[in-house]
Amino acid sequence: MAPDIATPDTPAPGATVGVPEKPSIDGLEEKWVERWSAEDTYGFDRAAALTGPREQIWSIDTPPPTASGSLHVGHVFSYTHTDFVARYQRMRGKHVFYPMGWDDNGLPTERRVQNYYGVRCDPSLPYDPSFEPPATPDKNQLPISRRNFVELCMQLTEEDEAEFEKLWRRVGLSVDWSNVYRTISESSRATAQRMFLQNLARGEAYAQEAPTLWDVTFRTAVAQAELEDRERPGAYHRISFSGPDGPVFIETTRPELLPACVALVAHPDDERYRPLFGKTVRTPLFDVEVPVVAHRLAEPDKGSGIAMICTFGDLNDVTWWRELQLPTRAIVGWDGRILADPPPGVPAQPYDELAGKTVFSAQQRIVELLKESGDLDGEPKPITHPVKFFEKGERPLEIVTTRQWYIRNGGRDADLRDALVARGKEIQWVPEHMRHRYDNWVEGLNGDWLISRQRFFGVPFPVWYRLDDAGEPIHDEPILAPEASLPVDPSSDVPPGFDESQRGEPGGFIADPDVMDTWATSSLSPQVASGWDTDPELFAAVFPMDQRPQAHDIIRTWLFSTVVRAHFEHGTVPWTHATISGFVVDPDRKKMSKSKGNATTPIDVLERYGTDAVRWRAAGARPGADSPFDEAQMKVGRRLAMKILNVGKFVLGLGAENVDLASAADRITEPIDRGLLAALAKVVDEATAAMEAFNYTRALEVAETFFWSFCDDYVELVKSRAYRSDSGAESAQATLALALSVQLRLFAPVLPFVTEEVWSWWQSGSVHRALWPAATELPTGGDPAVVAVTAEALAGVRKAKSDAKVSMRADVETATVIAPEAQVAALEAARSDLTDAGRIADLSVLAGEGPLTVQVVLAPVPDA
RNA sequence: GGGCGCGUAGCUCAGCGGGAGAGCUCUCGCCUUACAAGCGAGCGGUCGCAGGUUCGAUCCCUGCCGCGCCCA
């Protein structure tokens with residue numbers, strides 16, 4: 001019978017491969033990774049899933065890692081967290097749709113290709129079909145065409161992906177490796193372009209010439225989501241403008257923008273400047289006349305309370321420019337240098353002293369000029385202030401006016417914003433409080449989502465522009481790629497009705513030069529993974545997906561953008577649950593990252609402690625909580641894994657191996673045995689409830705607590721009975737078999753390797769395809785107190801031996817247990833197990849006041 | 001400055017209205033025929049501080065202090 005996820009293998013005794021003499025953790029990963037692959041243990045049964053009810057599917061929108069990046073222990077933890085859920089859901093009998101993707105768009109890959117091959121992209125070069133990268137990269141990067149560059153990106157990422165896949169398999173992720181996507185594949189690019197065209201057709205995407213935050217190093221536009229504020233040193237320069245009734249002093253950190261000044265602004269309630277509103281002043285050095293205006297965003301207690309508005313020094317300038325309808329006087333170019341020509345109305349002198357300079361040197365020169373002219377009042381006052389940076393950049397952002405594509409995200413539209421906030425409420429957040437990150441972000445947006453990037457390796461906009469007779473692009477009438485032709489690369493493909501010779505010629509056409517932001521493509525991971533564009537049947541079955549696992553730092557980017565896209569295209573949320581994992585932090589509580597140099601390489605740790613041990617440690621990090629990396633903890637996980645192997649071997653050797661699990665319950669007669677299973681039933685219920693709430697930490701904890709007392713107390717108590725061959729032995733053996741079966745399954749999601757190993761010794765099929773345990777598998781009516789109280793009495797005997805510093809094997813002449821009346825019967829019920837385990841010759845059990853106590857008289861030690 | 005989370009044993013963390021807990025570390029023992037990569041026993045905390053609610057507060061409320069993350 002082919003394994004069917006809906007009816008997992010039932011335990012079948014006799015299918016044993018035998019219990020090894022000396023079980024070992026070493027080599028388990030290799031063995032089981034290979035076996036799971038060969039047997040397709042984690043395959044998604046598409047046919048069965050499509051015919052079954054939606055509730056029988058669990059679909060996961062796995063984060064696609066950047067394969068050209070590097071993985072550290074933090075990644076291993078968070079992907080493992082997802083795997084816990086996937087394995088649990090699979091054992092619940094669901095068809096688990098668990099693909100893996102690789103997100104190789106954008107900057108990280110471009111940089112890696114540049115360094116790895118020693119090349120750089122020059123889009124003006126023609127494609128060279130015979131190009132081979134240099135054998136050893138030269139310091140001087142070899143310029144190559146965009147298409148050659150992209151080919152190298154594809155080639156290198158493929159190698160990187162293979163490495164990543166190997167690691168993920170080693171980590172034990174139960175991914176369906178036949179279902180892998182790349183965000184740069186033909187079909188992903190087609191999906192992204194088709195979706196973009198849909199957004200465009202519905203008016204959800206648009207192009208606009210607008211002030212844009214711009215990174216001069218990378219020469220690309222930057223979206224709000226990619227910004228970060230950094231505290232930077234600066235200085236207030238107090239500069240005098242000439243007003244109608246004498247000088248007006250402003251304080252600015254960017255005096256070099258003086259030629260870009262279009263107005264002065266103060267708060268409408270500011271008495272000091274009220275008389276100036278509506279009048280004009282003249283700029284120093286350039287003598288340009290600018291109005292004095294009032295606006296609520298001007299801060300009276302900042303500097304002198306009146307500020308100059310420039311094109312554009314910061315985002316406030318943009319707001320003032322827009323709301324007060326001021327002219328533009330742009331002076332900073334895309335390269336971060338002062339433009340060659342002054343803006344209209346600004347005199348060439350002394351502007352040409354600044355032309356071509358970086359903003360830094362321009363500032364130095366302006367300050368000199370202001371000093372010479374006497375318009376600088378005093379020395380600049382050093383301050384530190386927040387400056388906007390691209391999160392990956394090293395130079396402050398400039399604001400330049402460029403033509404860019406945008407997708408609406410509610411930043412300029414209250415109705416859309418409300419709709420997206422409402423979508424957030426449809427998502428179940430784990431942990432719950434992470435939803436605030438989403439709400440805060442959406443409610444704080446102040447513009448639409450800028451998706452154009454001036455990069456090479458990414459999904460191009462499927463758009464061309466006609467050129468007029470003067471060779472200028474006609475932006476108002478973009479030529480869209482026909483749907484059937486997707487994906488297209490407009491820089492090498494030709495729009496319908498044109499031929500290649502017309503590219504760049506007057507009356508011909510030109511390609512949109514940009515590619516999509518990485519989030520604009522990765523925001524479609526649910527659609528790509530679920531086959532929106534390629535497999536509508538599958539898509540209908542698995543979308544909206546059940547789970548989006550991700551880290552909390554990209555709620556504003558990846559999570560939000562995915563919600564936006566699904567909202568527009570499908571009118572739904574993309575998934576019903578967002579499981580947010582925390583970070584692994586170093587001992588100083590700093591987030592682990594390669595750039596900080598505090599990252600731990602996963603493979604070393606996996607080899608040192610074994611995968612199960614590392615997974616065990618990952619399970620100790622609760623959903624959403626940051627967790628310090630601590631190798632000492634790994635040892636504990638390794639010990640647990642070892643213990644499972646050993647106790648498995650022992651229990652099976654006691655006779656549990658030959659127990660028929662289906663009828664085992666009937667043979668369990670001893671009260672302590674029934675009590676054990678009653679306690680286990682409670683553990684199963686608790687662990688199940690915890691897993692349902694995505695609390696794998698709690699589920700593991702209850703299973704583990706039970707397991708250690710099972711090993712240390714219960715097994716010790718019953719082992720001598722189990723060695724016999726009577727009905728008492730049968731009862732113990734049946735109990736051991738049931739308890740082992742249930743516990744292996746409880747541990748299976750966290751410790752897939754050792755549980756599978758032990759399972760294979762006596763069961764057929766994979767434990768990972770077995771059903772998650774249910775309390776109903778276990779006999780009812782047992783009293784857990786029998787085990788607990790008997791174990792307590794045994795502990796008392798052990799303490800006496802420990803205090804006397806004798807071996808646990810030492811004989812006890814008499815032991816007197818005084819216990820509350822209610823516990824006496826429980827102790828009597830387990831009397832022979834207790835006397836055997838404690839090696840007690842004469843046991844008295846008496847009812848008494850207070851908690852249980854044990855008085856022990858050790859047997860005299862015979863002389864050796 | 002705003003939002004969110006967190007301050008409990010040396011470390012990592014549970015508990016969240018009536019007994020202060022686990023694992024690791026540490027100490028002392030034990031070669032016990034599953035496991036010495038083991039087992040047993042033990043030491044260790046005025047639950048951040050100050051108020052309040054309550055018969056009763058680690059737990060609820062308020063305010064501080066400290067740490068972290070996100071956003072301005």
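Chain letters run A, B, ... following the sequence lines, proteins first and then strands; every chain starts at 1.
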ask   = How far does the C1' atom of B:C65 sit from the matching atom of B:C30, given to the nearest Å?
value = 49 Å

B:C47: pairing nucleotide in any strand, Watson-Crick or G-U under 3.5 angstrom = none

request  = For A:Glu443, report the nucleic acid contact type (base, sugar-phosphate, nothing); a contact means any heavy atom under 4.0 Å.
outcome  = nothing

query = With both distances kept under 3.5 Å, what pairs with B:G17, Watson-Crick or G-U wobble?
reply = none

ask   = At under 4.0 Å, does any side-chain N or O of A:Lys388 touch on OP1 or OP2 of B:A72?
value = no

ask   = Considering Watson-Crick and G-U wobble pairs with both distances under 3.5 Å, what does B:U58 pair with?
value = none

remark   = Of the candidates B:C71, B:C39, B:C13, the side chain of A:Arg622 sits closest to B:C13

ask   = For the side chain of A:Met808, counting heavy atoms from C-beta on, which of B:U12, B:G42, B:U32 is nearest?
value = B:U32

ask   = Are A:Arg608 and A:Glu631 close enough, and set up right, to give a side chain to side chain contact (heavy atoms under 4.5 Å, CB included), and what steps lead you there?
value = CA-CA 10 Å; A:Arg608 228 168 318 146; A:Glu631 295 214 15; 2.7 Å; yes

Integer angstrom distance from the C1' of B:U25 to that of B:C61 = 38 Å

ask   = Mind checking the P distance from B:G63 to B:G2? Whole angstroms is fine.
value = 12 Å

note = Side-chain atoms of A:Ala795 come closest, of B:A41, B:A14, B:G68, to B:A41

task = Indicate whether OP1 or OP2 belonging to B:C24 is found under 4.0 Å from a side-chain N or O atom of A:Arg639.
result = yes

request  = Could you check whether the rings of A:Tyr696 and A:His81 sit parallel, tilted or perpendicular, using 30° and 60° as the cut-offs?
outcome  = parallel

inquiry  = Return the pairing partner of B:C11 with a 3.5 Å limit on both distances, Watson-Crick or G-U wobble; otherwise return none.
reply    = B:G23

ask   = Can you tell me how far the CE atom of A:Met642 sits from the OG atom of A:Ser24, to the nearest 0.5 Å?
value = 6.0 Å

task = Record whether the side chain of A:Glu228 comes under 3.5 Å of the base of B:A72 through a donor-acceptor pair of N or O atoms.
result = no

query = In whole Å, what separates the P atom of B:C67 from that of B:G29?
reply = 44 Å

task = Could you tell me if the ring centre of A:His75 sits under 6.0 Å from that of A:His72?
result = yes

note = The nucleotide from B:A72, B:A36, B:C69 with an atom nearest the side chain of A:Trp441 is B:A72

query = When the distance from OH of A:Tyr438 to C1' of B:G5 is rounded to whole Å, what number comes out?
reply = 21 Å

query = Of the nucleotides B:A34, B:A37, B:G23, which has the atom closest to the A:Gln633 side chain?
reply = B:G23

ask   = Among A:Trp759, A:Phe710, A:Phe707, which residue meets the ring-ring contact (aromatic ring centres under 6.0 Å, His included) test with A:Phe747?
value = A:Phe707

key: Pair A:Tyr438 + A:Trp429: ring centers closer than 6.0 Å   = yes

message = Whole angstroms only, please: what is the CZ-P distance between A:Phe583 and B:C6?
response = 17 Å

query = Between A:Ser627 and A:Phe650, which has a closest nucleotide on RNA chain B that is more 5'?
reply = A:Ser627

request  = Of all the heavy-atom pairs spanning A:Asn409 and A:Phe560, show the shortest one and how long it is.
outcome  = O-CZ, 3.6 Å

ask   = Between B:A34 and A:Tyr723, is there an OP1 or OP2 to side-chain N/O distance shorter than 4.0 Å?
value = yes

request  = From the options B:A34, B:C39, B:C13, select the nucleotide whose nearest atom is closest to the side chain of A:Lys649.
outcome  = B:A34

inquiry  = Looking only at the side chain of A:Met642 (C-beta and beyond, no hydrogens), which of the listed nucleotides B:A34, B:A41, B:A37 gets closest?
reply    = B:A37

key: Per A:Arg437 side chain, nearest of listed nucleotides B:G3, B:C71, B:G23   = B:G3

message = Starting the side chain at C-beta, find the nucleotide from B:C28, B:A72, B:C24 nearest to A:Lys805.
response = B:C28

request  = Would you please classify the geometry between the A:Phe694 ring and the A:His577 ring as parallel, tilted or perpendicular, with 30° and 60° separating the classes?
outcome  = tilted

Pairing nucleotide - B:C67, Watson-Crick or G-U, each distance under 3.5 Å = B:G5

Identified pairing partner of B:C39, criterion: Watson-Crick or G-U wobble below 3.5 Å = B:G29

ask   = If we take the P atom in both B:C39 and B:U32, what is their distance in whole Å?
value = 15 Å

inquiry  = So, OP1 or OP2 of B:C24: does either fall under 4.0 Å of a side-chain N or O from A:Lys635?
reply    = no

Polar pair under 3.5 Å, donor/acceptor by atom type, side chain A:Arg798, base B:A41 = no

ask   = If we take the C1' atom in both B:A20 and B:A34, what is their distance in whole Å?
value = 35 Å

query = Which listed nucleotide (B:A37, B:G68, B:A41) is nearest to the side chain of A:Asp626?
reply = B:G68

ask   = Who does B:U53 pair with, Watson-Crick or G-U, both distances under 3.5 Å?
value = none

message = Please report the distance separating the C1' of B:A41 from the corresponding atom of B:G5, rounded so that it comes out in whole Å.
response = 39 Å

P-based separation of B:A50 from B:U12 [nearest Å] = 24 Å

